[in-house]
Structures are given as structure tokens and as C-alpha cells.
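Written out below as C-alpha cells is the structure these notes cover.
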Amino acid sequence: MTRAALRAQAQSFDKLAADYDRLGDLGENHQRIAQWLAGVLPGAGGRALDLGCGTGRHTMLRADRFTRVDAVDLAQPMIRLARARRPRPNVTYWTSDLHDVAGPQRYDCILSVLTLHHVPDLHAALSHIRSLLAPGGRVVIADCYDICPDRPSAWWRLRLAAEAVVPVRLRLPALALLRGGRDVLRRGPVTAWEVCRLTVKRDWLDHLVSDRMFSREALQASCADLFPGARLEVLGGARGIGLVWDAP
């Protein structure tokens, strides 16, 4: 896939940067990731990089710890919102494809949150991330992957059969409504309604349809090649995955 095509796909974020940021305020998944990151990010360092920084929410976790933080995202509206809402004198936001990030100096810490399930080639993206890491630096990745059990249960087989019949564009709003009904009692009607309203909007659904989910097996194979001995952890449900690796 060409870089032009990748940049064109970033347009799926152009109309929902503010909604994405608001879902970060409300979403329990973002809160769980932030809690996990607080425990695995280095306490201090020189240069840090946030790949796929979005609106800068997780960038702030390192702004107080590192001398310089570069935060990169392919979607320009995300970067504009990050500059407006989360400015720091030691943070530089700019628009770029992650493969275009380069420089004579490498980074002491590289963070990527919910970005890699958008890339067309997981191994190539991880390989480039590895090339940007300084000796002794740490890579921290939080993402989600596609689940395909080796021995699917009857419920799972039923789900796969339904997915084969019902288009994803119809399944997603139905799932959002089901989650909203569950959240009414658990989180209250106001929060449940706002989350549901945001996640059934057309622009958000268009964005979700463009996801490219990788498998846990693909991630493990890349880690064996690029990040030997990396720690993988389950984050916030069956689909969430966290990776931590320290370079020699």
C-alpha cells in the first residue's frame, strides 16, 4: 500500500478528532491503559517518542518525565487538537507517517497506543520502531488484536457464523447499543448515553470499519524476531495487549 493511500485513510479521523478525545475522557479502556502505562513507562529520560499520539492524551504521561518528547500522528486534526489542548514547552507535535520518523539521534523511550491495528504491515512497523530505539531504551506498546481461538466454543462458532452473514457496518451500531444498555446500570444513564451517542455516529463507524486487526500469533512472531524476551500482558479484556521491551 502506498504512503498516499495510508494518508488518505487518515481522513477517517478528520471529522472525529474531538469525539475521539471525548471518548478518551469517558472510555474505560483508555483509563485502564493509562493506569498500566503509569507502571511501565520509565521514570525519567532524555528523548521520548509517541507514535500515533492522537490528541496527546498519553503523551502527557511522559511530558513530566522526559527532557524532550516528540509526538507524531498521521491525522492532522488530531495534531491540531493536541497542540491546542495539551501543549507543553518540551513536547513537539507534528503530522507524519510513523515510517517517516527518522533522525540522527534515537529515543530512550518509544510509546505506541492503539495505533498498530491501523497499519497494513505489523512487522514492518515494529521493525521501524526498533530502529528508532536507543541502546538501553524501552518500547511500550498498548493495542488490540483479533481473537481467533484454536478450539472455538459453540458460542464462538455462532458468533463467527453471524459475522459471516451480517455486514460489519450493521454489527457495530448494534454492539454499541448493547454496550450502552449494559452501561446504564454500571456507569449511569448520562455517561452511558454519551458514550453510545458518540460510538454510533457515522464517522466513528467508518473509522472502525477501516481497522486492520492483527493476530496475537503475528505479534508474537514479530517479537521473537525484533524484541526477544519482550513482556506481553493482557490489558482490559480479551482483545487488549501490552508489550514492554528493553533494548540491550
Side-chain angles (χ1 to χ4, degrees), residues 1-3 5-7 9-10 13 33-34 36-37 39-42 45-63 65-75 78-79 82 91-146 211-233 235 239-248:
M1 180 173 290
T2 66
R3 296 287 172 80
L6 287 172
R7 289 189 171 89
Q9 287 187 354
F13 281 102
I33 289 174
W36 179 76
L37 291 176
V40 298
L41 288 172
R47 301 180 77 234
L49 173 66
D50 189 351
L51 288 172
C53 66
T55 58
R57 179 175 305 278
H58 301 299
T59 306
M60 294 296 96
L61 295 174
R62 288 173 305 160
R65 305 183 183 196
F66 284 81
T67 304
R68 173 182 170 184
V69 180
D70 292 336
V72 180
D73 199 279
L74 189 58
M78 293 286 199
I79 292 296
V91 176
T92 302
Y93 294 103
W94 83 84
T95 306
S96 175
D97 181 276
L98 70 85
H99 292 283
D100 294 332
V101 178
Q105 296 182 346
R106 291 189 283 178
Y107 293 93
D108 303 307
C109 177
I110 299 177
L111 173 66
S112 172
V113 177
L114 299 177
T115 296
L116 296 180
H117 67 277
H118 297 298
V119 303
D121 189 331
L122 175 67
H123 190 81
L126 290 172
S127 180
H128 187 64
I129 289 173
R130 175 68 181 86
S131 73
L132 297 172
L133 189 66
R138 171 170 288 191
V139 169
V140 178
I141 294 171
D143 222 295
C144 51
Y145 63 96
D146 193 21
D211 286 351
R212 295 183 181 86
M213 306 300 290
F214 57 85
S215 68
R216 186 184 179 99
E217 291 74 22
L219 179 61
Q220 289 173 327
S222 290
C223 286
D225 182 32
L226 300 168
F227 307 127
R231 187 168 87 237
L232 294 177
E233 300 180 19
L235 299 180
R239 291 180 181 270
I241 189 76
L243 181 154
V244 180
W245 184 72
D246 294 320

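This structure is a prediction, so every number in the text was calculated from the model and none was measured.
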**Asked** Within a strict 4.5 Å, meaning less than it, do heavy atoms of the Val113 and Arg57 side chains meet?
**Response** no
**Atom pair CG/CG of Asp143 and Leu116 - distance to nearest 0.5 Å** = 5.0 Å
**Request:** Would you name the heavy atoms of Ile33 and Ala142 that are closest together and state the gap between them?
**Result:** CG2-CB, 4.0 Å
**Fill in**
Smallest heavy-atom separation, Cys53 atom then Asp73 atom, equals N-OD2, 3.4 Å
**Asked** With no hydrogens and no angle check, is any side-chain donor or acceptor of Ser222 less than 3.5 Å from a backbone partner on Gln220?
**Response** no
**Asked** For the residue pair Ile79 and Tyr93, what are the closest heavy atoms and their distance?
**Response** CG2-CB, 3.9 Å
**Prompt:** Given the rule in the side-chain contact (heavy atoms from CB on, under 4.5 Å) test, do His123 and Leu226 qualify, once you have shown the distances and angles that lead to the verdict?
**Reply:** CA-CA 9 Å; His123 190 81; Leu226 300 168; 3.8 Å; yes
**Asked** How many angstroms lie between CD1 in Ile141 and CG in Leu114, if you round to the nearest 0.5 Å?
**Response** 11.5 Å
**Request:** Could you tell me the separation between the CZ atom of Arg47 and the OG1 atom of Thr67, rounded to the nearest 0.5 Å?
**Result:** 10.5 Å
**Message:** Which heavy atom of Gly46 sits nearest to which heavy atom of Phe66, and what is that distance?
**Reply:** N-CD2, 3.7 Å
**Prompt:** Ignoring hydrogens and geometry, is there a side-chain-to-backbone donor-acceptor pair from Arg216 to Tyr145 under 3.5 Å?
**Reply:** no
**Asked** Heavy-atom distance under 4.5 Å between the side chains of Val69 and Thr59, does that happen here?
**Response** yes
**Asked** Which distance, rounded to the nearest 0.5 Å, do you find between the CG of Asp108 and the CG of Leu49?
**Response** 11.0 Å
**Request:** To the nearest 0.5 Å, tell me how far Leu243 CG sits from Cys223 SG.
**Result:** 4.5 Å
**Message:** When you measure from the side chain of His99 to the backbone of His128, do you find a donor-acceptor pair of N or O atoms at a distance under 3.5 Å?
**Reply:** no
**Message:** Nearest 0.5 angstrom please: Leu51 CG to Leu111 CG, how far?
**Reply:** 8.0 Å
**Request:** Could you please spell out the steps behind the side-chain contact (heavy atoms from CB on, under 4.5 Å) verdict for Val139 and Arg130?
**Result:** CA-CA 8 Å; Val139 169; Arg130 175 68 181 86; over 6 Å; no
**Request:** Compare all side-chain heavy atoms of Leu219 with those of Leu126 and state whether any distance is below 4.5 angstrom.
**Result:** yes
**Item:** Main-chain N/O of Gly45 paired to Arg62 side chain as donor or acceptor, under 3.5 Å
**Value:** no
